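Structure record follows, encoded as structure tokens.
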Amino acid sequence: MGNKKDWQRTVECGALRSAQVGETVTVNGWANSVRDHGGVTFIDLRDRTGLVQIVVDPTRNATSEEAHLAAQTVRSEFCLSIRGTVSARVPGAENPNLATGEIEIKAARIEILNPCRTLPFQIDQDQAGTNEELRLKYRYLDLRRPSMYEKLRLRHEAVRLIRAALYEQGFLEIETPILTKGTPEGAREYLVPYRLQPGLFYVLPQAPQQFKQLLMVSGVERYFQIAKCFRDEAQRADRQPEFTQLDLEMSFATQEDILNLVEALMVQVIEALSEKQIPQPFVRLTYDEAMARYGSDKPDLRFGLELVDCAHILQNTGFAVFQNILSSGGQVKAIRYPGGAKLARSQMDELVTLSKEFGAKGLAYFLVDDEGNASRGPVAKFLSNEEKAAIVAAASAEPGDLVGFIADTPATTAKVLDRLRRLIGERLGLADRNTLACCWITDFPVFEKDEETGGWTYAHNPFSMPNEGHMALIDTDPEAMRAQTYDLVCNGVEWASGSVRIHKPDIQTAILRKLGLDDAQIEARFGHMLQAFEHGAPPHAGIAPGLDRLVMFLTDDENIREVIAFPKMGGGFDPLMNAPSPIEAYQLAELGLQITPKPDGEKKV
RNA sequence: GGAGGUGUAGCUCAGUCGGUUAGAGCGCCGCCCUGUCAAGGCGGAGGCCGCGGGUCCGAGCCCCGUCAUCUCCGCCA
């Protein structure tokens, strides 16, 4: 206490109430706004706890001449120390919009800790209208806005709750290397040249996957980490080149253990930090069910509009287009567009155009009339009355609805109908913004066909344990194999992904061979994992929810940059630090690197 | 890699059918003002209309190219 400087605050701005009237206090903060009336001047002083009004009135109180002169030079965002007396506002001058609106501080002394030059943008207004590149360039100013501070605080609280809950359950928080080795395939990786032996590179981790499994072999049993992950892929509104996952792994655990743990943890965090409705228990769907009913492995369950498989209804149809698709292994599935019969012809045409953009050959549809009959629309005349009635019933279509059909391969049918379903849901406002509809998607395929090479590629994660008995299918019907895998999906967004891991070297080797790796490649890339599995590796399972996504749910942001303190722009460029940037010639020489200039001149900077 | 949107004052934006001197609000600067809280009044400064080319008597506006940025597809778990 004796070390305290006289400019240092004794109270925080937002904490002051009528109870403190009469006290002499010192506050520190920034001038949120200044209102100079010639004689009396008001300053709204802001710190992270809120605003308090400062009155500078040389005729009415102990305000010194210096304080009055200082107040006249104060501009927006000056950093100030102010000492004064907490006073009740004059009757009628209270501000009910301010938590501290009953009182004000009559300034005796004003110290300008640091002035502020003219701002590049106004920070006492909502950030929504400001050019984002400018916000990122001056991120330190952008983050002064209370709404941005609140996002930082929510993120902090989420992490704090997660840590507390996992500590409580015996999890160890362990850091794993950032300079490491890549996992083949998957996302493009960030590379760091190795100076001591030019030509070698570290790889930044896409996730701590292998390390956390090795920690299980180590006997840690319960591991977690708030882990930075790196992927050198194209950006999206909800993707950053570096992002954060809650990475966790448990030994001697089943899928059920992981699902229960994560479900309880996420519900706890959401309920503690938001008013969102989060229905429980989370819906569970297998991958096959999800694809059949929603055409997606990450369905938005805030609304229905389930897809209707018309195969049975149309098995003897006279409509050649549908018949040909069905007899060649394709699907005919329908989706209901509530009230869609009222759409203008141009809007219906737009649906057809969009379907084609999504990959379908077209969109067939009929309209349901007031009597519940499918009397109009392009396919109405090609289907029998019995067929139409059965489809109307199966889709629960009502008078005034449009029923659209996609007839194509199962993959294309799913993809297009998923898009249409989301489009309809969005247009009709079916998704309640205040609800977080979570579901577990389980039992993903182990392999899927690689259309380019004709070989097999992993569908989920090459370390995932196939379902019991499914290894028997690896030579006969690998496409039918399912694994002990699970994704947590919320409002159509993939939130977490995990699996029971393979802990047996023979199974892991068989899977890798099926993926087309020869024994030499397996040894080079996964030798250390297989060797670890040969040393008494325990059964283990894990998962990794996206932390940025969690915060986006809390803040209702659709843009991941809003919930990261210092994010990067679209190309991975950081306009605040000006990174990436060129390095010195000697640094390149040390690394044994030579830059080949792009033929067509310079970009940027 | 592809598609679409945007680019005009420090910020957010308007700018008609291509027409002579490019506007508004906020911010900034100056003066006035004793109760405001988005303070108010008066005055002022501030523009490579992203950049390059073209069409035209004439381009912020039309055409071509290019750069930046945002969103989506591809990609990415």
Side-chain angles (χ1 to χ4, degrees), chain A residues 32-45 51-61 63 68 75-77 87 89-98 100-101 104 106 116-138 141 183 185-189 206-207 209 229-241 243 245 297-298 354 357-359 415 419 441 444 458-462 464 485-489 493-499 543-546 549 558-559 561 569-571 573 575 600-605:
Chain A
N32 197 63
S33 70
V34 182
R35 298 177 293 280
D36 183 353
H37 287 243
V40 64
T41 297
F42 301 95
I43 299 169
D44 285 343
L45 194 73
L51 290 177
V52 68
Q53 175 165 280
I54 310 295
V55 193
V56 184
D57 184 352
T59 68
R60 296 263 298 272
N61 58 45
T63 301
H68 189 231
R75 298 289 181 272
S76 289
E77 298 306 315
S87 311
R89 292 199 185 188
V90 297
E94 302 90 349
N95 185 351
N97 300 320
L98 226 51
T100 61
E104 59 197 6
K106 292 195 184 306
C116 177
R117 52 189 234 190
T118 301
L119 297 163
F121 51 84
Q122 287 163 258
I123 74 178
D124 62 338
Q125 292 175 0
D126 188 47
Q127 61 268 21
T130 308
N131 177 282
E132 195 178 1
E133 185 172 357
L134 204 63
R135 288 177 60 201
L136 295 184
K137 182 173 179 183
Y138 296 95
L141 293 178
T183 306
E185 304 181 66
R188 185 183 300 117
E189 293 159 319
Q206 298 178 44
Q209 180 68 33
C229 305
F230 304 86
R231 286 172 197 163
D232 186 5
E233 291 291 349
Q235 304 285 283
R236 280 287 192 285
D238 61 349
R239 283 192 234 153
Q240 278 276 292
F243 60 100
Q245 289 191 334
D297 61 359
K298 45 179 177 150
L354 285 169
E357 282 175 19
F358 296 154
K415 179 180 167 188
R419 295 288 186 73
I441 309 295
F444 283 75
Y458 61 88
H460 194 264
N461 174 322
S464 299
T485 44
Y486 33 88
D487 278 7
L488 175 56
V489 171
V493 174
E494 185 195 318
W495 185 4
S497 190
S499 63
I543 191 167
R549 299 245 161 108
E558 312 234 321
N559 189 321
R561 296 183 293 274
M569 293 193 307
F573 186 77
D600 48 355
E602 63 267 35
K603 281 188 166 189
K604 204 118 194 152
V605 178

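Everything quoted here is computed from the prediction, not taken from an experiment. Below, chain A is the first sequence line, B the second, and so on; all start at residue 1.
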Note to self: Tell me whether the side-chain N/O atoms of Gln206(A) come closer than 4.0 Å to OP1 or OP2 in C76(B).
What the structure shows: no
Margin query: Taking only the C1' atom of each, what is the distance from A3(B) to G19(B) in whole angstrom?
Written below: 36 Å
Next item on the list: Just name whichever nucleotide pairs with C56(B), Watson-Crick or G-U, keeping both distances under 3.5 Å, else none.
Entry: none
Dump every N/O contact between nucleotides 12-14 of chain B and the protein below 3.5 Å, one line per pair.
{"from": "U12(B)", "atom 1": "OP1", "to": "Asn131(A)", "atom 2": "N", "distance (Å)": "2.6"}
{"from": "U12(B)", "atom 1": "O3'", "to": "Gly129(A)", "atom 2": "O", "distance (Å)": "3.4"}

Next item on the list: Kindly write out the residues that satisfy salt bridge (Lys or Arg N to Asp or Glu O under 4.0 Å) with Arg239(A), not counting sequence neighbours, or none if the list is empty.
Entry: none
Next item on the list: Would you give the length of the straight line joining atom CD1 of Ile43(A) to atom CD of Glu104(A), rounded to the nearest 0.5 angstrom?
Entry: 12.5 Å
Check: OP1 or OP2 of U71(B) less than 4.0 angstrom from a side-chain nitrogen or oxygen of Arg561(A), does that happen here?
Finding: yes
Next item on the list: Look at all strands and tell whether Gln235(A) reaches a base, only sugar-phosphate, or nothing, counting heavy atoms closer than 4.0 Å.
Entry: nothing
Margin query: Using Watson-Crick or G-U wobble geometry with both distances under 3.5 Å, which nucleotide pairs with U69(B)?
Written below: G5(B)
Check: If only side-chain N and O atoms of Arg75(A) are considered, is one of them under 4.0 Å from the OP1 or OP2 phosphate oxygen of G27(B)?
Finding: no
Check: Gln53(A) side chain: which of A77(B), U36(B), G74(B) is closest?
Finding: U36(B)
Check: Asp238(A): what forms a side chain to side chain contact (heavy atoms under 4.5 Å, CB included) with it, not counting sequence neighbours?
Finding: Arg236(A), Arg549(A), Met552(A)
Quick test: give all pairs of protein nitrogen or oxygen and nucleotides 42-47 of chain B nitrogen or oxygen below 3.5 Å, distance rounded to 0.1 Å.
none

Next item on the list: Decide yes or no for Cys229(A) and Gln206(A): does some side-chain heavy atom of the first lie under 4.5 Å from some side-chain heavy atom of the second?
Entry: no
Margin query: Mind checking if Asp36(A) touches a base, just sugar-phosphate, or nothing, with heavy atoms under 4.0 Å?
Written below: base
Item checked: Pairwise P distance, A9(B) and A24(B) [rounded to whole Å] -> 14 Å
Checklist line | Qualifying residues under ring-ring contact (aromatic ring centres under 6.0 Å, His included), relative to Phe230(A), sequence neighbours excluded | finding: none
Next item on the list: Tell me whether Phe121(A) is stacked on the nucleobase of C11(B), counting only the six-membered base ring and applying the 5.5 Å and 30° thresholds.
Entry: no
Next item on the list: First locate atom CD of Gln122(A), then atom CG of Leu141(A), and finally report the distance between them rounded to the nearest 0.5 Å.
Entry: 12.5 Å
Next item on the list: Kindly indicate whether the side chain of Glu357(A) and the base of G4(B) share any N or O donor-acceptor pair separated by less than 3.5 Å?
Entry: no
Item checked: Distance-only donor-acceptor test (3.5 Å): side chain Arg89(A), base U36(B) -> yes
Notebook entry, point to check: Within the structure, does a side-chain N or O atom of Thr41(A) lie under 4.0 Å from either OP1 or OP2 of U34(B)?
Noted result: no
Checklist line | Separation of Tyr486(A) OH from Ile543(A) CD1 (nearest 0.5 Å) | finding: 6.0 Å
Notebook entry, point to check: What is the pairing partner of C17(B), taking Watson-Crick or G-U wobble pairs with both distances under 3.5 Å in any strand?
Noted result: none
Margin query: Between C56(B) and C61(B), how far apart are the two P atoms, rounded to whole Å?
Written below: 16 Å
Margin query: Taking the C1' atom in each of G60(B) and U21(B), what is the distance between them to the nearest angstrom?
Written below: 15 Å
Check: In whole Å, what separates the P atom of A39(B) from that of G53(B)?
Finding: 46 Å
Next item on the list: Flag the pair Arg561(A) / Gln235(A) as yes when at least one side-chain heavy-atom distance between them is below 4.5 Å, and no otherwise.
Entry: no
Next item on the list: Starting from the 5' end of RNA chain B, give me the residue, Pro120(A) or Val34(A), whose nearest nucleotide shows up first.
Entry: Pro120(A)
Check: Does G30(B) have a Watson-Crick or wobble partner in any strand here, with both distances under 3.5 angstrom, and which is it?
Finding: C42(B)
Margin query: Heavy atoms only, 4.0 Å cut-off, all strands: where does Glu104(A) land among base, sugar-phosphate and nothing?
Written below: base
Next item on the list: Determine the contact category for Asp238(A): base if any of its heavy atoms lies under 4.0 Å from a base atom, sugar-phosphate if only primed atoms, P, OP1 or OP2 are that close, otherwise nothing.
Entry: nothing
Note to self: Need one value for Asp44(A): base, sugar-phosphate or nothing, where a base atom within 4.0 Å counts as base even if backbone is also close, heavy atoms only.
What the structure shows: sugar-phosphate
Under 3.5 Å, which protein N or O atoms sit close to an N or O of nucleotides 7-9 of chain B? Give each pair with its distance.
none

Check: Donor-acceptor pair under 3.5 Å: do we get one between Arg239(A)'s side chain and the base of C76(B)?
Finding: yes
Next item on the list: Could you tell me whether the phosphate oxygens of G35(B), OP1 or OP2, come under 4.0 Å of any side-chain nitrogen or oxygen in His37(A)?
Entry: yes
Next item on the list: Name all residues meeting the salt bridge (Lys or Arg N to Asp or Glu O under 4.0 Å) criterion together with Glu77(A); count only those two or more places apart in sequence or in a different chain, and write none if there are none.
Entry: Arg46(A), Arg144(A)
Notebook entry, point to check: Quick one: is Arg35(A) getting a side-chain N or O under 4.0 Å of the A39(B) phosphate, OP1 or OP2?
Noted result: yes
Next item on the list: Nearest 0.5 Å please: distance from the OG1 atom of Thr100(A) over to the CG atom of Leu51(A).
Entry: 6.5 Å
Check: Which residues satisfy the salt bridge (Lys or Arg N to Asp or Glu O under 4.0 Å) test with Arg231(A), sequence neighbours excluded?
Finding: none
Checklist line | Reported CD-to-CZ distance for the pair Glu94(A) and Arg89(A), which is rounded to 0.5 angstrom | finding: 8.0 Å
Margin query: For the C1' atoms, the ones on A59(B) and on U20(B), what distance do you get once it is rounded to whole angstrom?
Written below: 13 Å
Margin query: The test is side-chain hydrogen bond (donor to acceptor under 3.5 Å, both in side chains); show your working for Ser499(A) and Thr485(A) and say whether it passes.
Written below: CA-CA 4 Å; Ser499(A) 63; Thr485(A) 44; over 6 Å; no
Notebook entry, point to check: Residues in side chain to side chain contact (heavy atoms under 4.5 Å, CB included) with Arg419(A), at least two apart?
Noted result: Phe358(A), Lys415(A), Arg422(A)
Checklist line | Assigned partner base of A22(B), Watson-Crick or wobble definition, under 3.5 Å | finding: none
Next item on the list: Would you classify Ala237(A) as touching base, sugar-phosphate or nothing, given that sugar-phosphate means primed atoms plus P, OP1 and OP2, and contacts are heavy atoms under 4.0 Å?
Entry: sugar-phosphate
Next item on the list: Report the base-pairing partner of C49(B) (Watson-Crick or G-U wobble, both distances below 3.5 angstrom), or none.
Entry: none
Margin query: Holding to salt bridge (Lys or Arg N to Asp or Glu O under 4.0 Å), I want the full list of residues that pass it with Asp487(A), two or more places apart in sequence or in another chain.
Written below: none
Item checked: G47(B) and U12(B), which share atom name C1', separated by this distance in whole Å -> 16 Å
Write down the protein N/O and nucleotide N/O pairs, taken from nucleotides 24-26 of chain B, whose separation is under 3.5 Å; answer none if there are no such pairs.
{"from": "C26(B)", "atom 1": "O2'", "to": "Gln122(A)", "atom 2": "OE1", "distance (Å)": "2.9"}
{"from": "C26(B)", "atom 1": "O2'", "to": "Gln122(A)", "atom 2": "NE2", "distance (Å)": "2.5"}
{"from": "C26(B)", "atom 1": "O2", "to": "Gln122(A)", "atom 2": "OE1", "distance (Å)": "3.3"}

Notebook entry, point to check: Say you pick atom P in C37(B) and the same atom in C26(B); how far apart are they, in whole Å?
Noted result: 14 Å
Next item on the list: Go through the N and O atoms of the side chain of Arg117(A) and the base of C28(B), and report whether any donor-acceptor pair is under 3.5 Å.
Entry: no
Check: Listed by chain and number, what are the side chain to side chain contact (heavy atoms under 4.5 Å, CB included) partners of Lys137(A), not counting sequence neighbours?
Finding: Pro575(A)
Note to self: Please evaluate residues Asp44(A) and Arg35(A) with respect to the criterion side chain to side chain contact (heavy atoms under 4.5 Å, CB included), reporting the C-alpha separation (whole Å), side-chain torsions for both, the decisive distance (0.1 Å), and the verdict.
What the structure shows: CA-CA 9 Å; Asp44(A) 285 343; Arg35(A) 298 177 293 280; 3.1 Å; yes
